[in-house]
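Input: a single structure, listed below in structure tokens.
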Protein chains: 2
Amino acid sequence: MNESRYSSYSFLLDRTARRVKQYAQQQFTAQGFNITVDQWIVLKHLDEYGEMKQNALAELLFKDNPTLTRIIDLLCDKKLTVRNVHPEDRRSFNVSLTKEGAKKVQQLTPKVQAIRLKAWEGLTERDFNQFKKVLDTIYENLA
Amino acid sequence: MNESRYSSYSFLLDRTARRVKQYAQQQFTAQGFNITVDQWIVLKHLDEYGEMKQNALAELLFKDNPTLTRIIDLLCDKKLTVRNVHPEDRRSFNVSLTKEGAKKVQQLTPKVQAIRLKAWEGLTERDFNQFKKVLDTIYENLA
DNA sequence: GTATAATTATTGTTATACTAATTATTATTA
DNA sequence: TAATAATAATTAGTATAACAATAATTATAC
């Protein structure tokens with residue numbers, strides 16, 4: 001790679017990631033979802049994978065424990081998740097969706113997909129595959 | 001695009017952007033640069049484009065005014081930038097590098113490039129062009 | 001079996017992101 | 001020209017990100 005050109009990747013990547021999150025958050029707010037994008041990601045994963053330790057959830061989402069602790073605090077305040085004591089390890093909590101949380105996931109999933117799709121206008125499956133390959137490679141290179 | 005697959009792009013994008021920034025910051029800290037990645041980006045752009053209003057700088061960096069105000073506060077605390085009153089508009093400041101700031105940019109530029117290059121191991125110029133195309137398209141779709 | 005190490009979650013601190021509100025100044029309009 | 005609108009930067013408030021340090025608990029080592 002040409003050194004002087006590649007340097008821009010980090011700037012473009014950061015800029016675009018911020019724009020994507022910002023756009024989604026604006027839509028979430030405008031449509032009255034009443035949660036943040038990061039809170040949504042936690043809800044969605046809990047719905048998909050079921051109850052799990054904060055630990056495991058953090059790993060799944062590539063967030064650290066303090067960050068996740070605070071997101072879950074807010075979700076619990078909103079009655080969308082609960083912390084249950086772990087039966088085999090009193091250091092841990094099992095985090096799971098409340099009924100209200102599960103309902104929210106069902107209601108919002110198609111709306112969130114529609115919001116996400118907006119970014120892909122004019123792009124193809126092939127673009128996606130190439131894009132994913134580069135993102136995964138970068139991630140692995142720095143892991 | 002397949003709706004159920006594309007949804008993952010935002011997750012991958014966010015995850016990778018965070019990893020890239022995190023890796024760079026760890027290197028900055030380990031190598032004693034004594035600035036953050038975002039502070040670096042401001043210094044680098046000021047070096048490239050010369051003194052400008054905060055306003056213009058914010059637009060160039062795709063950051064909002066409050067965010068930039070605080071970054072520049074920190075850079076001024078570190079004596080790397082200065083705010084000068086704008087000769088034609090007393091609402092504005094012209095922000096510019098101090099001598100020390102300019103020296104820092106010269107010293108760190110090759111080191112930062114080396115850090116950034118790490119992420120691109122195994123990737124080609126063609127990967128870069130495709131990657132850039134997708135990032136730019138996403139950004140434009142949401143602009 | 002007790003001391004030590006490792007693990008889980010939390011709290012504290014600093015920086016960035018975004019929105020809303022505020023202040024000072026400049027531009028526009030009636 | 002006086003009132004109003006627009007603009008530049010800042011401040012305030014909430015959320016996320018990263019790191020360090022801590023408390024409670026569990027695992028390991030001697």
Side-chain angles (χ1 to χ4, degrees), chain A residues 11 14-30 33-42 52-59 61-78 81 83-95 142, chain B residues 10-11 14-30 33-42 52-59 61-78 81-95 142:
Chain A
F11 181 71
D14 185 65
R15 179 186 82 158
T16 306
R18 274 187 285 124
R19 188 74 194 96
V20 164
K21 195 170 194 172
Q22 181 189 48
Y23 174 77
Q25 188 59 59
Q26 284 167 348
Q27 291 298 311
F28 277 31
T29 302
F33 292 2
N34 202 31
I35 53 172
T36 67
V37 171
D38 293 284
Q39 288 164 19
W40 167 253
I41 290 168
V42 170
M52 65 174 74
K53 302 198 314 186
Q54 288 188 200
N55 213 9
L57 189 53
E59 201 175 336
L61 301 180
F62 308 98
K63 292 182 184 287
D64 60 13
N65 281 332
T67 298
L68 196 60
T69 290
R70 280 158 183 141
I71 294 175
I72 290 175
D73 284 348
L74 294 169
L75 287 172
C76 288
D77 289 349
K78 291 179 180 173
T81 61
R83 285 185 173 99
N84 296 306
V85 287
H86 193 285
E88 282 144 25
D89 188 342
R90 289 195 297 169
R91 291 170 301 185
S92 297
F93 293 112
N94 264 331
V95 183
L142 303 183
Chain B
S10 55
F11 180 72
D14 184 64
R15 178 186 84 159
T16 306
R18 274 187 285 123
R19 188 73 194 100
V20 164
K21 195 171 195 171
Q22 183 188 45
Y23 174 76
Q25 188 59 60
Q26 284 167 348
Q27 292 298 312
F28 277 31
T29 302
F33 291 2
N34 202 32
I35 54 172
T36 68
V37 171
D38 293 283
Q39 288 164 18
W40 168 253
I41 290 167
V42 170
M52 65 175 74
K53 302 199 312 187
Q54 288 188 202
N55 214 8
L57 190 53
E59 201 175 335
L61 301 180
F62 309 100
K63 292 184 184 289
D64 55 19
N65 280 333
T67 299
L68 197 59
T69 289
R70 280 163 182 136
I71 293 176
I72 291 175
D73 282 349
L74 294 169
L75 287 173
C76 289
D77 288 349
K78 291 178 181 175
T81 61
V82 282
R83 284 184 173 98
N84 296 307
V85 287
H86 193 285
E88 283 143 24
D89 188 342
R90 289 195 297 169
R91 291 169 302 185
S92 297
F93 292 112
N94 263 330
V95 183
L142 303 182

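In the text below, chain A, chain B and the rest are named by the order of the sequence lines, each starting its count at 1.
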How close or far is atom P of dT14(C) from atom CD1 of Ile35(B), stated in whole angstroms? 19 Å
Under 4.0 Å, heavy atoms only, any strand: does Thr69(A) hit a base, just the sugar-phosphate, or nothing? base
With a non-hydrogen cut-off below 4.0 angstrom, is Ile71(A) in contact with a base, only sugar-phosphate, or nothing? sugar-phosphate
Of the nucleotides dA8(D), dA17(C), dA17(D), which one has an atom closest to the side chain of Asp38(B)? dA17(C)
I need the NZ-C1' distance between Lys21(B) and dT14(C), as an integer number of Å. 13 Å
Look through every strand shown and name the nucleotide pairing with dA30(C) as Watson-Crick or G-U wobble, where both distances are under 3.5 Å. dT1(D)
Whole angstrom is fine here: how far is it from CG in Leu75(B) over to P in dA15(C)? 11 Å
Tell me what Arg83(B) touches on the nucleic acid: a base, only sugar-phosphate, or nothing, going by heavy atoms under 4.0 Å. sugar-phosphate
At their closest point, which heavy atom of Gln22(A) faces which heavy atom of Arg19(A), and how far apart are they? OE1-NH1, 2.5 Å
Hey, are the side chains of Gln25(B) and Ile35(B) touching, using non-hydrogen atoms and a 4.5 Å cut-off? no
Indicate yes or no: does Arg18(B) engage Asp14(A) in a salt bridge with an N to O separation below 4.0 Å. no
The side-chain contact (heavy atoms from CB on, under 4.5 Å) partner of Ile72(B) among Val82(B), Thr81(B), Asp77(B) is Thr81(B)
Charged N-O contact under 4.0 Å between Asp64(A) and Arg70(A): no
Please state how far atom CD1 in Ile72(A) lies from atom C1' in dT11(C), giving the value in whole angstrom units. 16 Å
Is any side-chain heavy atom of Glu59(B) less than 4.5 Å from a side-chain heavy atom of Asn55(B)? no
Listed partners of Lys63(B) passing salt bridge (charged side-chain N to carboxylate O under 4.0 Å, His left out), at least two apart: Asp38(B)
Whole-Å gap separating P (dA15(C)) and CG (Asp14(A)): 18 Å
Using atom NE2 of His86(B) as one end and atom P of dT10(D) as the other, report the distance to the nearest whole Å. 14 Å
Given side chains that start at C-beta, do those of Ser92(B) and Gln54(B) come closer than 4.5 Å, heavy atoms only? no
Give me the ring orientation class for Trp40(B) and Phe28(B): parallel if the planes are under 30° apart, tilted from 30 to 60°, perpendicular past 60°. perpendicular
Write out a two-atom table: protein N or O, nucleotide N or O from nucleotides 19-21 of chain D, distance below 3.5 Å.
unit_1: dC19(D); atom_1: OP1; unit_2: Gln26(B); atom_2: NE2; d: 2.7
unit_1: dC19(D); atom_1: OP2; unit_2: Gln22(B); atom_2: NE2; d: 3.4

Heavy-atom side-chain proximity of Pro87(A) to Asn94(A) below 4.5 angstrom: yes
Shortest side-chain distance from Lys53(B), nucleotide among dT10(D), dA9(C), dA8(D): dA8(D)
Filtered N/O pairs between nucleotides 22-25 of chain C and protein, under 3.5 Å:
unit_1: dT25(C); atom_1: O2; unit_2: Arg91(B); atom_2: NH1; d: 3.4

Asn65(B) has a side chain; which of dT16(C), dT10(D), dA9(C) sits nearest to it? dT10(D)
Would you classify Leu74(B) as touching base, sugar-phosphate or nothing, given that sugar-phosphate means primed atoms plus P, OP1 and OP2, and contacts are heavy atoms under 4.0 Å? sugar-phosphate
Between Glu88(A) and Thr36(A), just flag the one whose closest nucleotide in DNA chain D comes earlier from the 5' side. Thr36(A)
Starting from C1' on dT11(D), measure out to CG on Asp73(B) and report it in whole angstrom. 11 Å
Between Lys63(B) and dA17(C), does any side-chain N or O lie under 4.0 Å from OP1 or OP2? yes
What is the distance, to the nearest angstrom, from the CD atom on Gln39(B) to the C1' atom on dA15(C)? 8 Å
